[in-house]
Amino acid sequence: MITLSLPSPAKFIPPSPKSKNLKSRRIRNPDFEALKDTLIRQANVGNLKQAISTLDHISQMGFTPDLTSYTVLLKSCIRTRNFQIGKLLHSKLNDSPLEPDTILLNSLISLYSKMGSWDTAEKIFESMGEKRDLVSWSAMISCYAHCGMELESVFTFFDMVEFGEYPNQFCFSAVIQACCSAELGWVGLAIFGFVIKTGYFESDICVGCALIDLFAKGFSDLRSAKKVFDRMPERNLVTWTLMITRFSQLGASRDAVRLFLEMVSEGFVPDRFTFSGVLSACAEPGLSLLGRQLHGRVIKSRLSADVCVGCSLVDMYAKSTMDGSMDDSRKVFDRMADHNVMSWTAIITGYVQSGHYDMEAIKLYCRMIDSPVKPNHFTFSSLLKACGNISNPAMGEQIYNHAVKLGLASVNCVANSLISMYAKSGRMEEARKAFELLFEKNLVSYNIIVDGYSKNLDSAEAFELFSHLDSEVGVDIFTFASLLSGAASVGAVGKGEQIHARVLKAGIQSNQSVSNALISMYSRCGFAKHGFAHRAVELFNQMLEDGIKPNEVTYIAVLSACSHVGLVDEGWKYFDSMSIDHGITPRMEHYACMVDLLGRSGSLEKAVQFIKSLPLNVDALVWRTLLGACQVHGNLQLGKYASEMILEQEPNDPAAHVLLSNLYASRGQWEEVAKIRKDMKEKRMVKEAGCSWIEAENSVHKFYVGDTKHPKAKEIYDKLGKVALKIKEIGYVPKTDLVLHEVEDEQKEQYIFQHSEKIALAFGLISTSKQKPIRIFKNLRVCGDCHNAVKFISVAEGREIIIRDSNRFHHIKDGLCSCNDYW
DNA sequence: CTAGGGTTAG
């Protein structure tokens, strides 16, 4: 019988790899050996602070810590990503008389590589001389690959081969990783050929992982990635995690989840990286329940405070919570043990993308810069987007200045975000300036500026850029979507049709965003003849037939198209099938579309019934839609109810006050009007002053109510008087009931003719060419009498008139308006 | 020491 003698667990210390060398030393001091053993144990369990003080203790005792101690400590720093202590060790090593060996220097390269300090890593690598081995080469190749210096990485690989070293699996995996981009994918494929000859493809897990990435990241080709995965003779947790993460990143969320379940059933235990990958996949709509269940498993695995898992959870809850609430996301963020750039960026981005928490995002940024964590280019992109959302270019500029100071200003996505921020704030001149100053204009930059011009109703400029893009850079789905929305915004349906033709020629009509933009364009351009709104509905049906998946946006477009042409039954049909057939939970916008549809067709009671039948309380948007319909149909009772509901949720909503006041005024109930006005005054609510502007003679002319400041004021009012007479002759009757003050009828008519949109139109009539349509912009909704008068003027003067108000555009021609008299 | 992760402008 054989008995094994083992040391008791308390005394057992794992042998260090260098113990053989140590035995050869002649002098062994027991105190030194004991301290060293302690140090190694502390380092191995990741207790770096104590290990460092043990190291100091060794020096204080008069011993010189040996290379093994440094190596073990450094490895632990790399494993736990403790860069601060890593750098401290490096400086201690420089101060010590020790001559670092290859392993220690390689470890230092790896440390600086993981920190992103490629320059320090490079210096160490170059100083190594004879000590350089295959590990040094592969560490350096890998360092360049991870620091965004892919070409440097490839060249270093070739240098190594030229130097006479024969690459092993580590070198191959490092250099292939550098080639995992669209630009260098072909180099990766060439190296793949080399790998096959060496036989590493069949035998090494690292090489397999790199090849999976070559296909997934370099070619977005998940099928080939899966082929590599299936052919690998051995798969470990890293391999599975890599597959799950890449599938998730490329939008194959359900496949990612399937892989995860398969992995678990094969007995692998997911770690922080695996959870991170699969949770990201669960941000996709429809997978949130699974995401919550996985969160439970994360807690059981004691990983809930981990930064990496936390990031994915923050992102998942931000994206998957239906009502856009950030509560769950924030809870996860607040419970995380500590934060890094990514977790800060994840929560800030979550707030920005949820739609209405831009200020919260900026507040968090203020907290972030008080912490030791520095923002990166992703953080700045999101923050600039937030500033654009709230149209605050001044704040955006401040934040951009921070990016300048951190040397991130010229990073593509930061500079592009700045342009987008200006464009969203209506500052097209600044946007254009920033665009022209771009160091490198990519397709995204062009799409932002084209979209900017489109949204800011300068479709001429947008189309001009488009033709440049078309011939020089190339266009993509975003360009088409922007142009379609631009065409829709100014009612340029002819241009829209041209783009539609191009879409068909390019064969991209089956793309979801393009399809949505097309439907939306035809829906918004629903002219009096109903032709285009019908076309929107037709396109939608065709989209379904072609098997393109509709999303929430599609339904907003198609429901509003139904609303524009009064297709009540179809509207109901689509609304029902949205959730039943396509699993899309209706949002407030969809409810608002239905209320609009019912309200427009005069079924106000049905609209109220609809709201009451819903399983949840609707928000102010829906009630405002109802209130608008009440105003058009003069239903005071329901209007009052609707505005009460709005004010319950948004007590200081000026729009609700004004709409209700207008409703009372149209019924001549002046006491009520006065009450509301007083209430508004007390609450210090500012009603935006109505103003209209028009572009003529190469500049913008802006008019307020009763404005007489314009140099051509006399001519304008003369023209206005003449036009008033002309249209009365052909049947125009002033809607004096829309005057919101209690005055005599004759005075009311005067008031009405001082409205800013009429003044702007009169100016347009005397200063623009008869062939071109007159384009007027108004900051508020166009007044009912003005709308009516403009229809008559279009006949009397034979002009095409387009009014873009705060709500929509009105394309008025031959006495008819594209809005079908509902807005 | 050398393979995997989370944040990203249209």
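Worth saying up front: this structure is predicted, and the values here are computed from it rather than measured. Order of the sequence lines sets the chain letters (A, B, ...), proteins ahead of strands, with each chain counted from 1.
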### Message
The criterion is salt bridge (Lys or Arg N to Asp or Glu O under 4.0 Å); which residues satisfy it with A/Lys226, sequence neighbours excluded?
### Response
A/Asp230

### side chain to side chain contact (heavy atoms under 4.5 Å, CB included) partners of A/Leu237, counting only residues at least two apart
A/Thr241, A/Met263, A/Phe268, A/Asp271, A/Thr274

### Task
Ignoring backbone atoms, establish whether A/Lys385 has a side-chain N or O less than 4.0 Å from OP1 or OP2 of B/dT8.
no

### Message
Using the side-chain hydrogen bond (donor to acceptor under 3.5 Å, both in side chains) criterion, which residues pair with A/Glu397? Sequence neighbours excluded.
### Response
A/Tyr422

### Message
B/dG4, OP1 or OP2 - any side-chain N/O from A/His146 closer than 4.0 Å?
### Response
yes

### Task
Could I get the full list of side chain to side chain contact (heavy atoms under 4.5 Å, CB included) partners for A/His402, not counting sequence neighbours?
A/Tyr365, A/Ile369, A/Phe380

### Phosphate OP1/OP2 of B/dT8 contacted by A/Gln249 side-chain N/O (<4.0 Å)
no

### Task
With sequence neighbours excluded, tell me which residues meet side-chain hydrogen bond (donor to acceptor under 3.5 Å, both in side chains) with A/Glu360.
A/Arg330

### Message
Near DNA chain B, counting only heavy atoms under 4.0 Å, which residues of residues 106-118 of chain A show up?
### Response
A/Asn106, A/Ser107, A/Ser110, A/Lys114

### side chain to side chain contact (heavy atoms under 4.5 Å, CB included) against A/Pro167, all qualifying residues, sequence neighbours excluded
A/Phe157, A/Met160, A/Val161, A/Cys171, A/Phe172, A/Phe194

### Message
I need the residues from residues 135-145 of chain A with at least one non-hydrogen atom less than 4.0 Å from DNA chain B; give them sorted by number, or say none.
### Response
A/Val135, A/Ser138, A/Ser142

### Query
By side-chain hydrogen bond (donor to acceptor under 3.5 Å, both in side chains), which residues pair with A/Asn389, not counting sequence neighbours?
A/Asp358, A/Lys424

### Query
If we only count heavy atoms from C-beta on, is the A/Thr102 to A/Val135 side-chain gap below 4.5 Å?
no

